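Everything below concerns the one structure shown next.
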Amino acid sequence: MLNIVIFGAPGTGKGTQSELIVKKYGLHHISTGDILRNEIARKSSLGVLADKHISQGQLVPDELIIDMLAGVLNETADGAKGYIFDGFPRTIPQAKALDKVLSERDTAIVAVLSLKVEEQDLIRRLLKRGQESGRTDDKLEVIENRMKVYREQTDPLRDYYKRKGTLLNIPGDGTVEEVFDEIVKEIDRLSF
Ligand code: AP5
Ligand code: MG
């Protein structure tokens, strides 16, 4: 299976590139952020809880995310070619849980596409989106906290995947098409 993690700070283009990858390679897209925003819109108990964390730019607790992921994998266990995990994992316990749940299904992560963009450019992208479409966490003080949480809790995962030999660095500061071209080159080089 072609199981990929798309990894990077807020605004690096994980969601944008995931949609293109899904179209080209026919993978299931699992975005924990999108799932949580759906739960918030439905006002489910998970949504009410998640909203408290998301609106502050803090991570939602690992146990909730890991349970949610197991549920989504069970619902989609239908012979898919693979998954693209977007915005997950974000902590070491989440990464370990993902490895475990995939190995129980005799599969694994074959590549981690790590997107890098200068923080000032990311803040500009997210402020622009905040004005246009209004994601409630696209406000300067919340964005700054999301960046801090990323640096402290999520960026260390690059080392985790580097040790496993699956980390691929992708420059994320070109146009959407340029970044996608780089991603396609890396995916087409994979053997799995
Ligand atoms: P999540 O939804 O994952 O948000 P994020 O990581 O903060 O990142 P974004 O979705 O804002 O950015 P992106 O990298 O997807 O970029 P995009 O393509 O949208 O998480 C939100 C919150 O949910 C978290 O803060 C946390 O509270 C919670 N959460 C989620 N997952 C969790 C987990 N696993 N554990 C715990 N908590 C979790 O692009 C951004 C903008 O830039 C867009 O406007 C886009 O059009 C533009 N853009 C994209 N590419 C380019 C380009 N090449 N050039 C110019 N502009 C571009
Ligand atoms: Mg996203």
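Because only heavy atoms are used, hydrogens play no part in the values below, and waters and symmetry mates are left out as well, while side chains stay in. Because the structure is predicted, anything quoted here is derived from the model rather than measured. Just so you know, ligand 1 is whichever comes first in the structure, and atom 1 is the first atom listed for that ligand.
- Between Y150 and F7, the ring-plane angle classifies as tilted under the 30° and 60° cut-offs.
- By the 4.0 Å heavy-atom criterion, R37 is counted among the residues contacting ligand 1.
- Looking at F88 next to ligand 1, no N or O pair under 3.5 Å apart turns up.
- Side-chain contact annotation: E39 with S44, donor-acceptor N/O pair under 3.5 Å present.
- The side chain of Q94, and not its backbone, has at least one atom closer than 4.0 Å to an atom of ligand 1 (non-hydrogen atoms only; side chain from C-beta on).
- Salt bridge status for D99 with K164: present, with a side-chain N to carboxylate O gap under 4.0 Å.
- Residue T16 approaches ligand 1 through these ligand atoms, each under 4.0 Å from one of its heavy atoms: 17 (P), 18 (O), 39 (O), 45 (C), 49 (C).
- E141 CD: 12 or fewer foreign heavy atoms inside a 6.0 Å radius.
- Contact annotation: for K14 versus ligand 1, heavy atoms closer than 4.0 Å belong to both the backbone and the side chain.
- When non-hydrogen atoms are compared, ligand 1 lies under 4.0 Å from the side chain of R135 (C-beta onward) but not from its backbone.
- Remark: among candidates V60, V179, D34, I54, the nearest residue to atom 36 (C) of ligand 1 is V60, based on non-hydrogen atoms.
- Against a heavy-atom cut-off of under 4.0 Å, T32 is close to the following atoms of ligand 1: 30 (C), 31 (N), 32 (C), 33 (C), 34 (N).
- Proximity to R129 (heavy-atom distance under 4.0 Å) selects the following atoms of ligand 1: 9 (P), 11 (O), 19 (O), 40 (C), 44 (O).
- Of the heavy atoms in R146, only side-chain atoms (C-beta onward) come closer than 4.0 Å to ligand 1.
- Residue contacts with ligand 1, taken as heavy atom pairs separated by less than 4.0 Å, involve Q58 solely via the backbone atoms N, CA, C and O.
- For L126, the closest heavy-atom approach to ligand 1 falls below 4.0 Å.
- At least one N/O-N/O distance between R90 and ligand 1 falls below 3.5 Å.
- Between the Q94 side chain and the R90 main chain, a donor and an acceptor come within less than 3.5 Å of each other.
- Counting only N and O atoms by type, the side chains of Y25 and D188 include a donor and acceptor under 3.5 Å apart.
- Checking side-chain atoms of E178 against main-chain N and O of T175 turns up a donor-acceptor pair under 3.5 Å.
- Considering backbone and side-chain N/O atoms, G57 never comes within less than 3.5 Å of an N/O atom of ligand 1.
- Taking a 4.0 Å cut-off on heavy atoms, P89 fails to register as neighbouring ligand 1.
- Looking only at side-chain heavy atoms (C-beta outward), L190 and E186 stay at 4.5 Å or farther from each other.
- Checked by distance only, ligand 1 and L59 stay at 3.5 Å or farther apart across all their nitrogen or oxygen atoms.
- Distances from ligand 1 to the non-hydrogen atoms of G8 include no value under 4.0 Å.
- Residue-level proximity to ligand 1 for L115 is absent, since no heavy atom of it falls below 4.0 angstrom.
- Residue I65 touches ligand 1 through its side chain alone, judged by heavy-atom distances below 4.0 Å.
- With sequence neighbours excluded, the residues that form a ring pair (Phe, Tyr, Trp, His ring centres under 6.0 Å) with F85 are Y83.
- A donor-acceptor contact under 3.5 angstrom links the side chains of T107 and N3, judged on distance only.
- In T175, the part holding a heavy atom less than 4.0 Å from any atom of ligand 1 is the backbone.
- R125 places a side-chain N or O within donor-acceptor distance of the main-chain N or O of G11, the cut-off being under 3.5 Å.
- Follow the hydrophobic side-chain contacts under 4.5 Å out from L126 and you never reach V176; the two are in separate clusters.
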